[in-house]
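Lettering follows sequence order; numbering is per chain, from 1. Reckoned from all heavy atoms, side chains included, excluding hydrogens, waters and symmetry mates.
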Amino acid sequence: MSAIRIESVVKKFGNQAAALKGVSLEIPDGEILALIGESGSGKTTLLRILAGLELPDAGIIEIGDQEVANDHTFVEAQHREIGLVFQDYALFPHMSAEENIAFGLHSWTAAQRQNRIQEVLELVGLSQMATRYPHQLSGGQQQRVALARALAPKPRMLLLDEPFSNLDTVLKDQVREDVRKIIKQSGLTAILVTHDIQDALSTADRIALLKDGTLQQLDTPVNLYNCPQNPYVAAFFGKINLIPARYQEGKIFTELISFPVNTAPNRLEGLLCVRPRQIKLVADTSGFPAEVIAREYQGDQLQFKVKTQSQYLWCQTHQEPIALGQQVRLRIEIEEPYLLKSD
Amino acid sequence: MSFTIRLRRPLNIWVLLAVLIVLLLGTPIYTVLFGLLPGPGPNWSHMVKYLLADYVVNSILLVVGTGLLTLLWGVPSAWFVSTLEFRGRRFWEWILILPLSIPTYIMAFTYAGIFDYTGPLQSIIRNSTGLNLASYLDIMNLPGVMVVMSLALFPYVYVICRAAFLTRYRSLIEASQVLGASSSRSFFKVILPVARPALVAGVTLVVMEVLNDYGAVKYFGVPTFTTGIFRSWFSYEDPQGAIYLSSLLLLFVFLAILFEKYQRGGARYDSQVPVERPLPRKKPSGWMSPVVVCSCAIPAVLGFIVPVLQLIWWSIQSFDSIGYSKLGSMVSNSFLLACAAAAFCVGIAVILIFATRLRNSRWLQSAVRLSTMGYAVPGAVIAVGVLIPLLFLDKLWIHLMSGWNIQVGLLLTGTVFGLLFAYSVRFLAVAFNPIESGFQRVGKSLHEVAATLGVKPWRILHRINIPLLRGALLSAGLLVFIDVLKELPLTLILRPFNFNTLATRAFELATDELVAAAAVPSLVIILTGVVPIHLLNILITKQKWL
Amino acid sequence: MKFALKILIVGGLLVGCAPEKSSQETSQESTPSTSVNVYTHRHYESDQQLFERFEEVTGIEVNVINASADELINRMELEGEASPADVLITVDAGRLHRAKEKGLLQVADSEILEANVPAKFRDPEKHWFGITYRARIIAYSLDRVDPTTITTYETLTEPQWANKVLIRSSSNIYNQSLLASIIASQGTSQAKSWASGVKENMAREPKGNDRDQVKAVAAGLGDVAVLNTYYIGKLLDSDDQEEVGAGESIGIIFPNQEGRGTHVNISGVAMAKYAPNPENALKFIEFLSSDEAQMVFAETNFEYPVKPGVAWAPLLTSWGEFNTDTLNLALLGKHNKEAVMIFDEVGWK
């Protein structure tokens with residue numbers, strides 16, 4: 001059974017182009033889904049529609065087995081039983097951490113409420129900070145209070161809007177891990193909106209990529225990376241070279257080079273997806289010639305751009321020093337080739 | 001299609017309440033606009049032939065001239081007191097707000113008195129030098145009324161600009177200073193364009209006050225649109241023509257607002273960087289010092305110190321010839337009325353804005369905006385717009401009760417209720433703007449998060465918005481308080497029996513050509529106004545405003 | 001908390017205002033009524049003292065609303081039968097006439113009134129009665145003008161007074177009445193040429209009030225001014241020596257003594273058609289015409305009392321008796337609108 005079902009949701013704002021042009025997706029119980037896309041892709045709009053903060057122009061939203069929005073009903077945010085964490089955390093500045101958390105528990109008995117506050121504070125590891133006010137907490141702590149506040153009333157699902165974008169890079173990795181752990185512990189279905197690929201890859205079970213109000217692909221991180229459905233998806237998760245190629249009898253043929261592969265690709269002809277790390281420098285003349293025209297250091301590795309006889313390619317290396325203008329020879333090494341349909 | 005979607009949402013009590021309020025507050029305006037239907041009345045061609053051009057030209061000149069002058073008085077002074085440190089800054093900073101407590105008609109009478117042949121200025125010159133400057137010192141003309149009105153109204157611009165300079169644009173000022181811009185350069189290149197919404201807000205208030213004024217222009221002999229409304233109504237005995245003119249005036253204001261919106265286009269001027277540190281104030285450089293001091297001192301002295309001194313002098317002169325028995329009740333009437341009106345307006349504004357928060361729909365927003373238009377309608381016209389529907393209800397009530405053989409009086413119009421209703425129609429805009437900015441400052445996300453926590457709107461308002469908006473609410477209330485304290489035409493027409501306020505008394509005495517005797521109630525109005533203005537000032541400097 | 005405070009304030013206010021409300025209600029509920037409701041355009045301190053005196057003498061409470069006559073009439077019209085007004089007081093006959101035309105007044109039958117108020121100062125149909133009258137006179141500079149050169153209002157249109165005439169705006173009721181009286185006696189076209197002639201001779205655009213016209217003469221901005229008598233009294237009575245000086249620098253002329261007489265207007269009183277307390281209203285109106293009240297008007301406000309035999313203020317006495325225009329005052333109201341239109345046509349602002 002799926003926890004959340006979104007069917008053909010359309011939303012327009014005024015006279016602008018539609019923010020959502022008929023998005024459908026389903027999320028099973030307990031899954032963490034990342035909605036990713038550039039700004040203006042419609043990801044935040046979709047989140048707000050799920051939360052009940054925006055009214056869809058058309059389409060159906062189902063949470064659990066309740067249709068919360070369709071052509072004739074609309075359940076307001078108040079009645080949707082969802083938890084929401086904003087980018088700026090939106091903590092009530094005039095209330096302490098525990099008062100913030102208690103805010104959603106107004107209909108509980110005092111004893112229940114007190115227990116629940118302790119429980120969620122423990123869950124997010126802030127039991128010592130209960131009486132602090134938001135301005136007395138660090139960014140990471142504020143975020144965990146916001147999370148605790150959203151979790152406290154035991155919502156049916158959790159929505160997070162750019163939850164990590166206000167955090168220092170140093171903190172981020174730890175926080176992502178913590179947040180994922182907390183969500184998984186509480187067993188909630190969660191949707192996380194982000195524009196940061198790392199956020200999505202490290203936190204989500206599956207990722208939905210949106211562009212201009214349409215869903216490009218919904219899949220696991222590995223599949224999105226390895227088997228993109230179109231060039232946009234392919235390029236979104238890091239540099240990729242798309243090389244026209246065809247497959248014949250265990251070998252891939254391109255204009256630059258041909259090489260043998262272990263498995264047959266998904267189609268016989270198309271654009272071969274080649275990540276920079278799959279292009280290797282060779283010392284001998286077995287590779288194809290190219291000229292280095294740009295470099296980019298990325299920590300322990302170096303990515304560089306070359307010009308070949310037919311196209312530009314991004315490549316990657318660990319050790320060798322590469323100089324601009326240097327003539328190199330390159331080879332493509334792919335075990336399981338994946339070809340995109342060429343137009 | 002959009003209609004069916006709207007119906008999908010369950011009815012919300014707040015939205016219903018807001019719609020009800022909008023309809024209620026709108027009735028005077030609808031009543032006036034309804035008067036547009038039968039056409040302009042029998043005297044229209046006469047009016048067009050002999051008067052209208054004069055009214056239109058004078059009104060436009062007056063609005064433009066006064067508006068520009070208020071910018072001249074208000075903007076540089078606001079800039080200097082919020083960014084520089086100089087001798088007497090705190091003093092001027094405070095004095096510059098105080099003209100807000102002086103009604104325009106009192107300012108007009110006072111200045112006319114100062115420049116009068118028998119006034120202090122000419123008397124001193126005449127008695128010491130024998131020179132008669134009467135023909136040079138005549139201020140009772142269009143430029144004169146512009147200056148006098150701008151002196152009474154510039155604090156609207158000053159207050160809003162200073163609040164903006166102190167809070168919103170601090171990071172921009174810093175950024176431009178880091179880029180090496182001088183104070184004046186960062187002012188003209190960065191702040192002035194960015195502060196435009198604040199300037200516009202301030203000048204809009206000024207323009208509406210100018211269009212509404214009757215006393216000052218009448219006394220100074222400058223016929224404007226408002227003069228025309230009264231002339232048509234009473235001299236021609238043609239209320240239809242008066243209503244027609246009022247509607248034209250309303251239309252004029254609408255167009256001005258639309259034009260501003262259109263001209264602003266899609267540009268956004270809000271800077272949302274919250275900064276808590278106070279901006280270090282610099283000392284003005286050598287040649288700037290006198291400029292700075294003059295920019296602050298001239299409007300402060302002319303707008304407050306001079307007229308108050310004159311009023312004090314008159315009060316001393318006429319001290320023995322006035323009855324003081326009623327002064328106490330006038331003060332308490334003025335005070336209670338102003339408090340109640342402030343509470344009404346603030347409460348209504350909160351409900352309306354909160355409802356637009358709950359239901360982010362365009363039609364609701366436009367309707368709510370529309371209900372603040374009463375500010376542009378001359379008070380006397382609102383009075384009629386208020387009387388007609390209220391009297392209808394009153395008569396209905398009397399009729400119903402007479403069926404039971406019970407004799408009752410006018411419940412709504414004969415009491416303070418009618419007056420409060422009229423004040424709400426008239427001054428909602430005054431409370432609306434600071435509260436709306438307050439809501440904007442608090443942001444939407446707090447509200448939305450609270451909504452997703454399953455909390456009822458009432459609780460959100462009570463626990464989140466109200467506590468966070470305290471400063472804005474208080475500011476709004478104080479502004480309405482001061483305005484009601486000064487208000488004249490509505491109070492004159494709609495007040496119950498034996499109900500005198502300071503403003504009505506001051507006006508009665510002044511129109512009886514007893515300007516000196518009017519000085520005492522005028523001074524009391526000003527003194528009563530100074531206290532809330534002082535509070536307002538504290539709110540602004542502590543940045544709890546807007 | 002804030003809300004509670006607000007509710008408290010509002011509540012307090014309503015309670016605070018309750019006496020006003022209830023006094024008005026009781027006035028209509030209880031019989032015999034013990035109050036009289038007055039809509040008045042006069043808001044002089046001396047009037048207030050008179051009302052208090054009336055309360056003392058009769059035990060009838062006087063409830064007052066002050067506003068301009070136009071607004072009061074408009075309000076009475078809107079209120080219709082429900083109007084709480086018993087008495088209307090205006091400062092000109094035109095407005096009383098208008099109220100009568102609109103059916104807002106009723107006949108006040110009283111021998112006392114007929115005895116106290118001469119026929120020329122009351123409505124022939126007993127709808128309204130003058131309480132005081134004021135003369136619209138010409139003031140001239142003692143330094144620069146030979147008073148024998150001015151005899152009539154019409155003199156002001158002569159070329160010798162070019163750029164020398166001072167008079168206030170045409171929106172002022174006293175000017176409207178003056179022109180209405182000329183329309184009534186000489187016809188529209190004469191009236192129009194008079195207005196146009198005065199407009200041509202004006203020393204400046206019309207502005208300010210009557211007092212300001214005197215000051216302008218004193219200042220030398222013009223030589224002659226048109227104004228009501230009592231303003232000179234107020235100037236001379238001023239606490240400000242400079243104003244007294246200005247008042248002393250002018251002399252006054254009662255125009256048209258040879259012909260129709262000086263234009264006068266009344267401040268008058270009438271009983272409202274739907275007066276809830278007609279007996280009290282009548283007592284009140286009679287009181288205003290009594291010796292006691294008439295003396296107060298004469299002494300404190302420099303108005304001429306309508307009741308014959310009541311002593312004038314010394315200043316007025318010093319100016320002497322004069323012939324008043326014999327025109328039926330009701331005609332001032334009848335021609336008012338026409339007068340305003342003529343002002344517009346000749347460009348008299």
Side-chain angles (χ1 to χ4, degrees), chain A residues 10-14 16 47-48 50-58 68-95 99-108 134-135 146 149-159 161, chain B residues 1-15 266 272-277 355-366 438 441-473 543-544:
Chain A
V10 174
K11 177 71 186 176
K12 278 189 79 161
F13 290 106
Q16 296 158 10
L47 184 91
R48 293 175 60 82
L50 278 168
L53 300 172
E54 300 280 356
L55 195 64
D57 294 337
V68 293
N70 58 31
D71 282 347
H72 34 268
T73 49
F74 180 78
V75 178
E76 300 276 351
Q78 271 91 350
H79 309 296
R80 287 207 178 176
E81 296 173 47
I82 40 154
L84 178 62
V85 177
F86 269 110
Q87 181 174 5
D88 60 1
Y89 318 135
L91 292 178
F92 307 131
H94 57 305
M95 297 183 187
E99 284 169 337
N100 262 284
I101 296 169
F103 192 73
L105 305 175
H106 56 97
S107 54
W108 297 35
H135 66 270
R149 182 178 64 182
L151 292 173
K154 301 194 171 166
R156 292 191 289 186
M157 65 165 169
L158 189 64
L159 304 173
D161 186 9
Chain B
M1 187 191 90
S2 59
F3 193 68
T4 54
I5 284 171
R6 238 177 273 139
L7 286 180
R8 269 168 34 201
R9 303 189 81 161
L11 283 174
N12 178 306
I13 183 101
W14 290 89
V15 177
Q272 294 187 327
V273 191
V275 183
E276 283 86 24
R277 293 157 293 118
T356 59
R357 275 285 147 118
L358 290 177
R359 195 60 49 93
N360 189 12
S361 79
R362 254 188 209 181
W363 64 269
L364 186 62
Q365 244 151 13
S366 315
R441 188 173 49 87
V442 170
K444 262 163 88 173
S445 57
L446 292 190
H447 180 113
E448 289 176 347
V449 129
T452 61
L453 288 169
V455 175
K456 292 253 168 5
W458 161 250
R459 221 174 115 81
I460 298 178
L461 182 65
H462 177 65
R463 293 287 310 277
I464 307 294
N465 287 306
I466 302 263
L468 291 176
L469 285 172
R470 265 194 314 237
L473 295 179
Q543 296 159 30
K544 289 195 164 170

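Residue contact with chain A, scored on non-hydrogen atoms closer than 4.5 Å, involves the side chain of B:L468 exclusively. Contacts between A:D161 and chain B at a heavy-atom distance below 4.5 Å are absent for every atom of the residue. With a threshold of 4.5 angstrom between heavy atoms, A:R48 approaches chain B through side-chain atoms but not through N, CA, C or O. Interface remark: A:L91 contributes backbone atoms only to the contact with chain B (heavy atom separation under 4.5 Å).
The candidate with the highest count of non-hydrogen atom pairs below 4.5 Å against chain A, out of B:P467, B:P457, B:A451, is B:A451. For the set A:R80, A:Q78, A:R149, A:Q87, the count of heavy-atom pairs under 4.5 angstrom toward chain B peaks at A:Q78.
The minimum heavy-atom distance linking B:L453 with A:P153 is given by the pair CD2-CG, 3.9 Å. Taking each heavy atom of B:S445 and A:F86 in turn, the nearest pair found is O-CE1, 3.3 Å.
For the pair A:P93 and B:L446, the minimum side-chain heavy-atom distance is below 4.5 Å.
Under the rule for a side-chain contact (heavy atoms from CB on, under 4.5 Å), the partners of B:R463 that lie at least two apart in sequence or sit in another chain are A:M95, A:F103, B:R459. Applying the side-chain contact (heavy atoms from CB on, under 4.5 Å) rule to A:H79 yields the partners A:V75, A:E76; only residues at least two apart in sequence or on another chain are considered.
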